[in-house]
Protein chains: 2
Amino acid sequence: MNDADPREARLLAAAETLVLRHGYDKTSVAEVARAAGVSKGAFYLAFASKDELIEELVLRESLAFQARWGTEVRAHPRFGTVGAMYEGMLAALEERPLMSRIMRRDAQLLGRYLHRPGNVFERMAAGQPTRGEALAVLQKAGAIRSDVAADVAAHVINIIAFGLVSLPDFVVATGTPPPGEVFAFIGQMMDHMLTPADGPTPSARAAMEQLMQRGEEGLARFLDARAAERRARR
Amino acid sequence: MNDADPREARLLAAAETLVLRHGYDKTSVAEVARAAGVSKGAFYLAFASKDELIEELVLRESLAFQARWGTEVRAHPRFGTVGAMYEGMLAALEERPLMSRIMRRDAQLLGRYLHRPGNVFERMAAGQPTRGEALAVLQKAGAIRSDVAADVAAHVINIIAFGLVSLPDFVVATGTPPPGEVFAFIGQMMDHMLTPADGPTPSARAAMEQLMQRGEEGLARFLDARAAERRARR
DNA sequence: CCTTGACCGTTTTTACCGAATCGGTCAACT
DNA sequence: AGTTGACCGATTCGGTAAAAACGGTCAAGG
């Protein structure tokens, strides 16, 4: 990541607002350059292509989201439980509407990029543990009761996550309870179902910490490799 | 409802397959008539418009779904708990793919009809209790612990329902656990969270029975009024 | 050096056409 | 009385072509 380049940063900032408002397809390189106060040519000094721009946007948002998730989870009073992990994720999502739309593969936002073969989502997912694997690890560490089916639990978690990031666009905005309460409810519900009676054991906490770190490092490594590749191509 | 008219029934059956396959927009009245073995003119002897056809389809599917839901819930071993109610709903949904798509307001299926002002969804919802109201009633009857926020619970239920009917189209079909296990998991999760320790009391069961009946009667009344109106317009 | 905007080839949008098809009607026929 | 299919105006479709906008490049200028 090259935050030293102020031009790149301004382009990314401009792109974020424009893409968030009009989507990838309806946001032109010229527009982004103009909004950032540089020429179109300069855009191509910072990015190799329009795709590289959106990918950088997605990756930085993912990084910021994951960082936020990490601090949220580690500060959670029930750290070590699936509920805490999940509540942290939801709280982080709530603060990052862009991430919500990325997560649900919003077609309006991502446009044609979504159908690009070998897009950043596929490549990112390659290194990351799936939700099912993560839960299996947590179960082995005692963070999840041994009598529940981890794969089923993972699927239900996916269902809830998807419903949560998708529903707001579906229902009328009126009358939905405060997000914080909803997240707390979901988190507690997960814990009632999944967490053993003896609460989050130290080994559960350690496994969760390791899992979070693995995710963070995986993403960081991906970003570093990418940054190096970009620098080399220059 | 006039099941005595075999022509109407055949038109509806033909429409169901065609609409399910090609959607409302791409299914023409002529096609439906031909598939039902009658002329286009005859179609308009049975239905006042194409909209009336899709509405009848939606309403009958809703009725069949609700009936199925009712038997499923009443036969459930944990009848009287929210989990049982919910598991029954999911099981009924699983058997009625059309209802799933109606519930999520599938644009491909419903096409232009979806954007029609004063469509059947708005009119149907008018008489029915919202999920929030239903849960409030259940809570008062002791089917839900008094220390949970019923409106939050209702919202989370909506989230799960929406995620469940929407996710299958989103994720790859591979690797999802069997529906029955998923439903059971969700139902148990709800019960762990919502149902009081003393289990489903008789009063809870009574309230739930009343609630189900209210829903069934509301829909039946709506259908009857509609059928009468249609007969009168003839 | 670094930056620019005119320029390139391609893709997308717009406009337009007649033909086809749409939902809906109704005089004619069985 | 019950049913039909030709018919209506409106909408959509498929094809075409001109115009606009696109992503990306690079000689020229600062």
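So that the names make sense, note that chain A is the first sequence line, chain B the second, and so on, each numbered from 1. Fair warning: this is a prediction, and the values are worked out from it, not measured in the lab.
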Length of the line joining B:Glu55:CD and C:dG23:C1', which is rounded to integer Å: 15 Å

Please assess B:Arg123 against B:Glu55 for the test salt bridge (charged side-chain N to carboxylate O under 4.0 Å, His left out), listing each intermediate value before the final yes or no. CA-CA 11 Å; B:Arg123 278 180 285 140; B:Glu55 288 175 1; 3.1 Å; yes

Decide yes or no, distance alone: a donor-acceptor N/O pair under 3.5 angstrom between the base of D:dG24 and the side-chain of A:Lys50. no

Are B:Arg105 and B:Phe121 in a cation-pi contact, defined as NZ or CZ under 6.0 Å from the six-membered ring centre and within 45° of the axis? yes

With rounding to the nearest 0.5 Å, note down the distance linking CD in B:Glu72 to CH2 in B:Trp69. 11.5 Å

Quickly work out the B:Leu11 CG to D:dT4 P distance and round it to whole Å. 10 Å

Can you measure B:Arg7 atom CZ to D:dG2 atom P for me and round it to whole angstrom units? 9 Å

Whole angstroms only, please: what is the CZ-P distance between B:Arg116 and C:dG23? 11 Å

Between A:Val29 and B:Lys26, name the one whose nearest nucleotide on DNA chain D is closer to the 5' end. B:Lys26

Sugar-phosphate only, base, or nothing, as touched by A:Arg112 at under 4.0 Å among non-hydrogen atoms: sugar-phosphate

Starting at atom NZ of B:Lys40, determine the distance to atom P of C:dG24, rounded to an integer number of angstrom. 9 Å

Separation of C:dG24 P from B:Ile54 CD1 (nearest whole Å): 13 Å

One pair to check against salt bridge (charged side-chain N to carboxylate O under 4.0 Å, His left out): A:Arg230 and A:Glu56. What are the steps and the verdict? CA-CA 11 Å; A:Arg230 282 181 64 195; A:Glu56 199 65 25; 2.9 Å; yes

Candidates C:dT3, C:dG24, D:dC22 - which lies nearest the side chain of A:Ser28: D:dC22

From the list C:dT4, C:dG24, D:dG5, which nucleotide is the closest neighbour of the side chain of B:Ser49? C:dG24

Atom-to-atom span, CG of B:Asp25 to P of D:dA10 - whole angstrom: 20 Å

Check the distance between C:dC22's P and B:Leu53's CG and give it to me in whole angstrom. 15 Å

